[in-house]
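Okay, so here's the structure we're looking at.
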Amino acid sequence: MSLSTARSFLSEAGYGEQELDANSALMELDKGLRSGKLGEQCEAVVLFPKLFQKYPFPILINSAFLKLADIFRLGNNFLRLCVLKVTQQSEKHLEKILNVDEFVKRVFSVIHSNDPVARAITLRMLGSLATIIPERKNAHHSVHQSLDSHDNVEVEAAIFASACFSAQSKDFAAGICNKISEMIQGLDTPVDLKLKLIPMLQHMHHNASLASSSRELLQQLVTSYPSTPMVIVTLHTFTQLAASSLIDIPKQLQLLLQYLKEDPRKAVKRLAIQDLKLLAKKAPHLWNRENTQTLCECALSSPYNSLKLGMLSVLSTLSGTIAIKQYFHPGTGGASAPPRLTDLVKLVQECCYHSNLAVAAHGVTVLANIAISCPEKDMMQLEQDTVMGLESLLVLCSQDDSPRAQATLKTALTSLVQLLKSRPHLSQSAVEFLLCQLHLAHDPSRVLMCHALAAIATQLPVLGEGMLGDLVDLYRVASHSSTDKQQELLVSLATVVFVASQSCLSAEVKTVIKQQLENVANGWTVYCIARQASRMGCHEFSSELYQSLRTRVASEHFYFWLNSLKEFSQAEQCLNGLEDGDYSAAMTAIAEALRSYQKGIASLTAASTPLSPLSYQCDFVKLRIDTLQGLSQLICTCNSLKTSPPPAIATTIALTSGNELQRCGRIAMQMRVSMDEFRSLAARYADLYQSSFDADSATLRNVELQQQSCLLVSHVIEALILDPHSASFQDYGTLGSVQTESEYERRMMSVFNHVLEEVEGLSRKHPPVSYLHTGCLCDAVIALLKVPLSFQRYFFQKLQSTSIKLALSPSPRTPTEPIPVQNNQQLTLKVEGVVQHGSTPGLFRKIQSVCLNVSSTLQSKTGGPEYKIPLDSNTNEIEQRVEPHNDYFSTQFLLNFSILGSHTVNVEASVVDESGIEWKTGPKTTVSVKSLEDPYAQQLRHNQQQQQQAQQARPETAPAPQRSSVYARFQ
């Protein structure tokens, strides 16, 4: 069967196939489209979205849509419906259709059919294409006409197309508004049709007058038609129109609150709550105190739990925004009531102990947000009420395994962690309460509580030591089976233990964890615990776990991956026992660590595959190796002051040459080399940071800390030895005030501050260079090495995946063949690209624009005339920024190749996120261009050469009589 090849091609996951394969799949689908069997035709049509996903470039998408348009024009209604569904599924690819006129012409021809169903499908097709033909007048006219049809199917299709065109075209919306108003107000229009027409008014927001007239019509409808369906549809359209036009949101809030307060129908109240929540997310700053107060009064008086839950969800959304501050501080000049006496606080205090868990969860969320955002004199009582409400809810939910109870527990724990972050004095009692509940709770609840404890211990490390005893006791009896929740609990408990231990696991703790792992843990659980140990700096323990896992995997790539992790952990463990002042032991430890790192990088290279190249891991480890080598070399340089001190005449040489560094002897030059090396390492860390677009914030902060440590060492070298007079410490004075997010960052910042204080004090008291200076440098190196390195999440796990695929045109027939271009012409290089995402796009950051850099270099020069060409035209260096739309972008570059020969054109892409930060994500594409001489100029040059050769071949005396005879004619 012809479709089997295409189906097998399109079922493969991943990208990177060649264009020939995509064209082959398109040809197979085309055979299916031209088949005489309806089933094969339909199967071919429904496979097109997978083809678009596989090869999302315009050249193929244009051809495919033209083939689909032919099927739509010539096929039956079922095939047309299939093409319509494919078009709607492939909406993001519609703008890549190059021949829009031809495509629309083939589709539009069906609008003149006598079959109303065919016309209805065509109308829906035109509506689906409204994004690319918003101002197509013939389509507008057909939609207008079809609204007057006597066939209900065609009228519904016309309503759908009208809504699509109204959202895209200002002219269409202005033209159709009166028509829609007449149909809605007409007595001959059925009610069910009016219910479908009214939502179209939400698109009438293109100008103020249009929005105002639509709002007046909706106001008339909501009073003229009081039936429940009409009120619900009209109010929701009202809200959508206000949210789009923005200026009418305060009026809409009052209208919704009026219906919520006065209308007795639960359906209307539920719709009002739903729309209020939409406006709370859209514009919380437009909620004044009266709006929030009215909502609180409605919630206090409502006897229905479902409605109370909805109103509390709106208040929960508002409580995390500026609206909560506007409620307590209206800013009208009058004295505001104390927070505890307001209806909002009374409501949420009442709801904290509600029998409905969802109501209670929203109650404690609002109460916690009030306690966080509104610091007042009498907040102490409110804080206690918040803690009591949270604790009662935690006790209730920890004994229930139902999904609703677990969701409530997660909400309550999140609010507790946020409260403790802003009110640290409440942390001790909260931690004791959670530890007590851990012994009594069910396993799913224990997992969530462990996450909360880990977050609290990260914020306040001083509480970690107090947790450790209870956690170890709990770990002894934590698991007696191998269920998924039991395995997850083992990982969560181990994580809290690592956080509480602060990278120093005792033998007892290791023994307890190992016994549990040997009894019930599976291999994945052991790996997760080892990974957490590597993140928390417990490298000795992680090394043992990786060692035990190496032979339990089914792939050699996994074996090499685990072996590399074991070697890295062993390398970092070698640096764990360093002591201040013992420089020879530090040299030995660094040498041992480098030996393990070299073994690990070899295994890591063997673990990489084409689908998983492990580029970030390799780059990070190579930088770590080079950093350790640089630190080792720095200690050797410091020791050289003892082995090779400055000569006796060093002072005389310094005075004679005018270079003060000559006073220090050969160590000065070695220190300069070392300083340059650390600056180079810092630049490489910066490059690694810029290339890690998909990394989480903790991983990026870790890379940044490594870069700062290299910059610190280079600054210390300069401040102590090379240039102590001009070295400034003002730029580093704010390090201590930076908010830290992890124990590793906290310890690194502490080391930075300590080293800077020592260096600043020493540089002011003693001139360079003495044993005090070299000792201070070595102590700084040891202090940096004593902080256990943290391998962050991105080293093990990639939660966000973003890649860019480029296509250049013109493109050569074969990769080795250059593109020919004449030297007196310019080459138009078109660059198209597609942004490809993983399962969670935009998890950490999103692409705002793509930066394309095009440069050319001359590879080899061919023979030809030598022209004096301006330097500007010798090279091409162009940069453009384009914003992708539906993950597609396209732009063109005009390149000049005036020098004859072979040129290489490099196209490199980088992305710019929403914060304006540029990330060097790649890819980098290269194409060869051969600059050829213009044929006409070449012919002229050949003619000139022939004339010169002919003149040289004639006798020297021959031209004289000829010249005289020529001049004689004019005498």
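As the structure is a computational prediction, the values presented were derived from the model and not from experiment.
Every residue was checked against the salt bridge (Lys or Arg N to Asp or Glu O under 4.0 Å) condition with Lys410, not counting sequence neighbours, and none meets it. Applying the side-chain hydrogen bond (donor to acceptor under 3.5 Å, both in side chains) test to Gln428 and every residue at least two apart in sequence or in another chain returns Glu432. Contacts of His442 classified as side-chain hydrogen bond (donor to acceptor under 3.5 Å, both in side chains), with partners at least two apart in sequence or in another chain: Asp401. Remark: Phe693 pairs with Trp919 by the ring pair (Phe, Tyr, Trp, His ring centres under 6.0 Å) rule, at least two apart or across chains. Applying the side-chain hydrogen bond (donor to acceptor under 3.5 Å, both in side chains) rule to His285 yields no partners; only residues at least two apart in sequence or on another chain are considered. Partners of Lys196 according to the salt bridge (Lys or Arg N to Asp or Glu O under 4.0 Å) rule, which considers only residues two or more places apart in sequence or in another chain, are Glu156. By the salt bridge (Lys or Arg N to Asp or Glu O under 4.0 Å) test, Asp148 is found to be paired with Lys179, residues two or more places apart in sequence or in another chain being considered. By the salt bridge (Lys or Arg N to Asp or Glu O under 4.0 Å) test, Glu391 is found to be paired with no residue, residues two or more places apart in sequence or in another chain being considered.
Contact of the Val387 side chain with the Phe433 side chain is not registered, since no non-hydrogen atoms from C-beta on lie closer than 4.5 Å. Between Ile456 and Leu434, the closest side-chain pair of non-hydrogen atoms falls below 4.5 Å. With contacts defined as side-chain heavy-atom distances shorter than 4.5 Å, the pair Gln168/Ile133 does not qualify.
To the nearest 0.5 Å, atom OG of residue Ser429 and atom CG of residue Leu420 are 8.0 Å apart.
When the options Leu279, Leu278, Ile273 are evaluated for a side-chain contact (heavy atoms from CB on, under 4.5 Å) with Leu256, the one that passes is Leu279. When each of Lys846, Gln848, Arg845 is paired with Asp913, the side-chain contact (heavy atoms from CB on, under 4.5 Å) condition holds for Arg845 and for no other. In summary, of the residues considered (Leu241, Thr234, Ile184), a side-chain contact (heavy atoms from CB on, under 4.5 Å) with Leu201 occurs for Ile184 alone.
A perpendicular orientation is assigned to the rings of Phe165 and His140, their planes being inclined by more than 60° (bins at 30° and 60°).
A donor-acceptor pair shorter than 3.5 Å cannot be found between the side chains of Asp694 and Ser801. Residues Ser149 and Asp151 have side chains that never bring a donor and an acceptor to within less than 3.5 angstrom of each other. Checking Lys194 against Tyr225 by side-chain atom types alone, a donor-acceptor pair falls below 3.5 Å. Between Asp171 and Ser169, the side chains place no donor N or O within less than 3.5 Å of an acceptor N or O (distance only, hydrogens not considered).
Screening residues 302-315 for salt bridge (charged side-chain N to carboxylate O under 4.0 Å, His left out), with sequence neighbours left out, gives Lys308-Glu350. Each salt bridge (charged side-chain N to carboxylate O under 4.0 Å, His left out) pair with one or both residues in residues 316-329, not counting sequence neighbours, would appear here, but there are none. Residue pairs meeting the salt bridge (charged side-chain N to carboxylate O under 4.0 Å, His left out) criterion with at least one partner in residues 274-288, sequence neighbours excluded, do not occur; the list is empty.
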Anything under 3.5 Å between a donor and an acceptor, one on a side chain of residues 292-301, the other on a protein residue two or more places apart or in another chain? List them.
unit_1: Thr292; atom_1: OG1; unit_2: Asn288; atom_2: O; d: 3.3
unit_1: Gln293; atom_1: OE1; unit_2: Tyr327; atom_2: OH; d: 2.8
unit_1: Gln293; atom_1: NE2; unit_2: Glu297; atom_2: OE2; d: 3.3
unit_1: Gln293; atom_1: NE2; unit_2: Asp343; atom_2: OD2; d: 2.3
unit_1: Thr294; atom_1: OG1; unit_2: Glu290; atom_2: O; d: 2.8
unit_1: Ser301; atom_1: OG; unit_2: Glu297; atom_2: O; d: 3.0
unit_1: Ser301; atom_1: OG; unit_2: Cys298; atom_2: O; d: 3.2

Practice problem: Output, in order, the C-alpha distance, side-chain angles, deciding distance and verdict of side chain to side chain contact (heavy atoms under 4.5 Å, CB included) for Leu81 and Arg124. | Solution: CA-CA 10 Å; Leu81 188 62; Arg124 290 185 177 273; over 6 Å; no

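Of all the heavy atoms in Cys177 and Ser213, the pair that sits closest is SG-OG, 4.4 Å.
For Gln384, the CD atom is densely surrounded, since the number of other residues' heavy atoms within 6.0 Å is greater than 12. Open room surrounds NE2 on His150; 12 or fewer heavy atoms of other groups in view lie less than 6.0 Å from it. The number of heavy-atom neighbours closer than 6.0 Å to CG of Leu440, taken from other residues, nucleotides and ligands shown, is above 12. Residue Met183 places its CE atom among more than 12 non-hydrogen atoms of other residues, nucleotides or ligands, all under 6.0 Å distant.
Ser146 places a side-chain N or O within donor-acceptor distance of the main-chain N or O of Ser142, the cut-off being under 3.5 Å.
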